[in-house]
Amino acid sequence: MRRALGLGALLWLVGCGDAGPEAPEPPPRAGGGTTIDDRTSRAFAYAAPNLSAEHEELHREGDAAFAALFVPGPAPVNPGLGPAFNNNSCNGCHLRNGRGMPVMGGGPQRTQLLVRVSLPEGTPDHPHGAVPVPGFGFQIQDQAVYGASPEARVTLSWEERPNAYADGTAYSLRSPRVAIVLPDGSSPPPDMRTSLRLPPPVVGLGLLEAVDVATLRALEDPTDANGDGVSGRLNTVWDVQARALVPGRFGWKANSPNLQQQSAEAYFNDMGISNPLFPDADGTFELPRTTLDAAVFYAQSLGVPARTALDDATVKHGEAEFRDLGCATCHREALETGEHPVTELSHQRIHPYTDLLLHDLGPGLADGRPDGDATGTEWRTAPLWGLGLTQTILPYSAWLHDGRARTLEEAILWHGGEAERAREGFRNLSASDRAALVRFLQSL
Ligand code: HEC
Ligand code: HEC
Ligand SMILES: [Ca+2]
Ligand SMILES: [Ca+2]
Ligand SMILES: [Ca+2]
């Protein structure tokens, strides 16, 4: 199977080399050999079709780990939840492997938005430094097991801001306001920085992990040397296993270096489950290493849904607008993966629509909270593959880092900073050109 794919890719390269402009371009396959053809609500739930039999088995174990409901320990199965936590399973936040809903609090629908917090270090020498908040650390756990106390009660409200396109059509953008109250009724420190984070979809992440750092470095333009108004640079974050500062690529601010650390942090912080990377104070841990490895493998080996309506005239028109407006400067249309220990992910031509770099998107989206090397206005370019399936997977889901965008138009209209020119281009389009661009995004 894998050999056949390799040969196909080789023939394609040969074809490109000598056949000239007449050579038919191969249709883009979103995830290369990991691409699956399904646009239903299950579209994010398939194993990559090119997995070996052994890896398929590991993927099934990972599926079980991702779905496992944890309970307060000690217990015979899945013990260790809490004492404080946000949710009791990976699936609980990444529903059907898609993004979460912007909801807070308990009940049948537990918190899916995370609240990251920190205090500013406050010295000019440490502009990006951040310190944990007493009582909260770097994240607020607003749920707790029986007998323990949640760290705070967090409530969410939305503020609407009316605006209009250049052609006069009205729209309104909403942004979240969080209220945080401690169990004793007091408020958090006034200089506390908060950052709301929506659970992102988990398909295609192994491929993003497999892109060489050198490939991403080549996309950086920190001083905007080419003068197109777009800079972009990798985040630098702490790798707990390597005990070193390394490039970051996962999370909305590229605040995590790899899928193992991201997943181990999720067990520890989101679910309160100590594990090999984040043990308890005495060095022991609640989660078996095999379960962590299985969950990581699952996130690495999901299939990526194929684009749809490639030949639709409106979609093609929208794709041209996407390029003309400069969206593809950040939302890179194609990347090549390098070597990855999961060999099925290696050397794939993929279409994630991201450069994995940080960009300043302006004051509208700013959380004011530094994360690694990322400043309070920087975000990682969100991958756009699977974007059109967002509300097929979960009807009440939404876009952008805190789920503030109810529509794709709103997501675009929030862009500012380095993307201001692109956004203004969109605001000035005719209604039919705007609709075409959105049709293109929905085809991803
Ligand atoms: C309480 C909700 C919640 C739970 C539970 C949760 N996650 Fe997440 N997950 C998030 C949020 C929010 C982010 C984005 C974090 C950020 O930007 O800092 C995220 C990010 C991720 C990412 C990186 C995605 C990307 O595009 O960069 C992976 C991988 C991931 N989670 C895996 C897991 C695994 C594995 C589990 C179970 C062990 C889990 N998550 C449990 C909310 C959750
Ligand atoms: C300067 C880089 C840059 C440019 C140019 C840019 N984007 Fe983005 N885009 C981002 C970043 C960064 C985010 C994540 C922002 C956030 O979540 O706060 C994002 C998020 C998005 C999202 C939401 C994705 C999600 O998963 O929620 C959509 C849709 C989107 N962009 C479409 C576009 C379109 C269409 C254009 C052109 C009109 C465009 N972008 C231009 C950087 C850019
Ligand atoms: Ca625990
Ligand atoms: Ca905490
Ligand atoms: Ca530039």
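In listed order, ligands and their atoms are each counted from 1. All values below come from the heavy atoms of this structure, side chains included, with hydrogens, waters and symmetry mates left out.
- In this structure, Arg42 is positioned above the aromatic face of Tyr46, its NZ or CZ under 6.0 Å from the six-membered ring centre and within 45° of the axis.
- Annotation: Trp252 places an N or O atom under 3.5 Å from an N or O atom of ligand 1; distance criterion only.
- Under 3.0 Å from the Ca ion (ligand 3) lies an N/O/S atom of Gly80, whether from backbone or side chain.
- At a cut-off of 3.5 Å, with distance as the only test, a side-chain donor of Arg369 or Ser118 sits close to an acceptor on the other residue.
- Below 3.5 Å of separation, one finds no N or O of Tyr267 facing any N or O of ligand 1.
- Note on the Ca ion (ligand 4): protein N, O or S atoms under 3.0 Å away count 5, no waters included.
- Under a cutoff of 6.0 Å and an axis angle of 45°, Arg197 and Trp252 do not form a cation-pi pair.
- At a 3.5 angstrom cut-off on N or O pairs, His94 counts as close to ligand 1.
- Considering backbone and side-chain N/O of Cys90, none are found under 3.5 Å from N/O of ligand 1.
- When only non-hydrogen protein atoms are considered, atom 14 (C) of ligand 1 lies nearest to Pro200 CD, 3.5 Å.
- Taking any N or O of Arg116, backbone or side chain, at least one lies under 3.5 Å from an N or O belonging to ligand 1.
- Atom 16 (C) of ligand 1 has as its closest protein heavy atom Arg197 NH1, 3.2 Å.
- Polar contact with ligand 1: present for Asp270 (N/O pair, distance under 3.5 Å).
- Among protein heavy atoms, the minimum distance from atom 21 (C) of ligand 1 is reached at Gln262 NE2, 3.3 Å.
- One side chain, Glu344 or His55, offers a donor N or O that lies under 3.5 Å from an acceptor on the other.
- Ser301 and His59 form a side-chain donor-acceptor contact under 3.5 Å, judged by distance and modelled atom types alone.
- For the Ca ion (ligand 3), the set of nearby N, O or S atoms under 3.0 Å includes none belonging to Pro72.
- Within the structure, the closest approach of Ala65 to ligand 1 does not fall below 4.0 Å when heavy atoms are considered.
- Here Gly82 meets the criterion, with an N, O or S atom under 3.0 Å of the Ca ion (ligand 3).
- Nearest to atom 2 (C) of ligand 1 among the protein's heavy atoms is Cys93 SG, 1.9 Å.
- At least one heavy atom of Phe66 lies less than 4.0 angstrom from ligand 1.
- Using a 4.0 Å cut-off to heavy atoms of Leu205, the atoms of ligand 1 that qualify are 24 (C), 25 (C), 26 (O), 29 (C).
- Separating the CG atom in Asp270 from the CD atom in Gln112 is a distance of 11.5 Å, to the nearest 0.5 Å.
- For the pair Arg404 and Trp414, the cation-pi test (distance below 6.0 Å, angle within 45°) is passed.
- A salt bridge between Asp373 and Arg233 is present, with a side-chain N of the basic residue lying under 4.0 Å from a carboxylate O of the acidic one.
- In this structure, the protein non-hydrogen atom closest to atom 11 (C) of ligand 1 is Pro199 CA, 3.6 Å.
- Note: an N/O pair closer than 3.5 Å links Asn255 and ligand 1 by distance alone.
- With hydrogens left out, the protein atom closest to atom 39 (C) of ligand 1 is Ala266 CB, 3.4 Å, a heavy atom.
- Between Phe85 and Asp142 the shortest side-chain heavy-atom distance does not fall below 4.5 Å.
- The Ca ion (ligand 3) has Glu286 among its coordinating residues (N/O/S atom, backbone or side chain, under 3.0 Å).
- Using a 4.0 Å cut-off between heavy atoms, Arg380 contacts ligand 1 through its side chain alone, with no backbone atom that close.
- Of the N and O atoms on the side chains of Asp224 and Ser231, not one donor lies less than 3.5 Å from an acceptor on the other residue.
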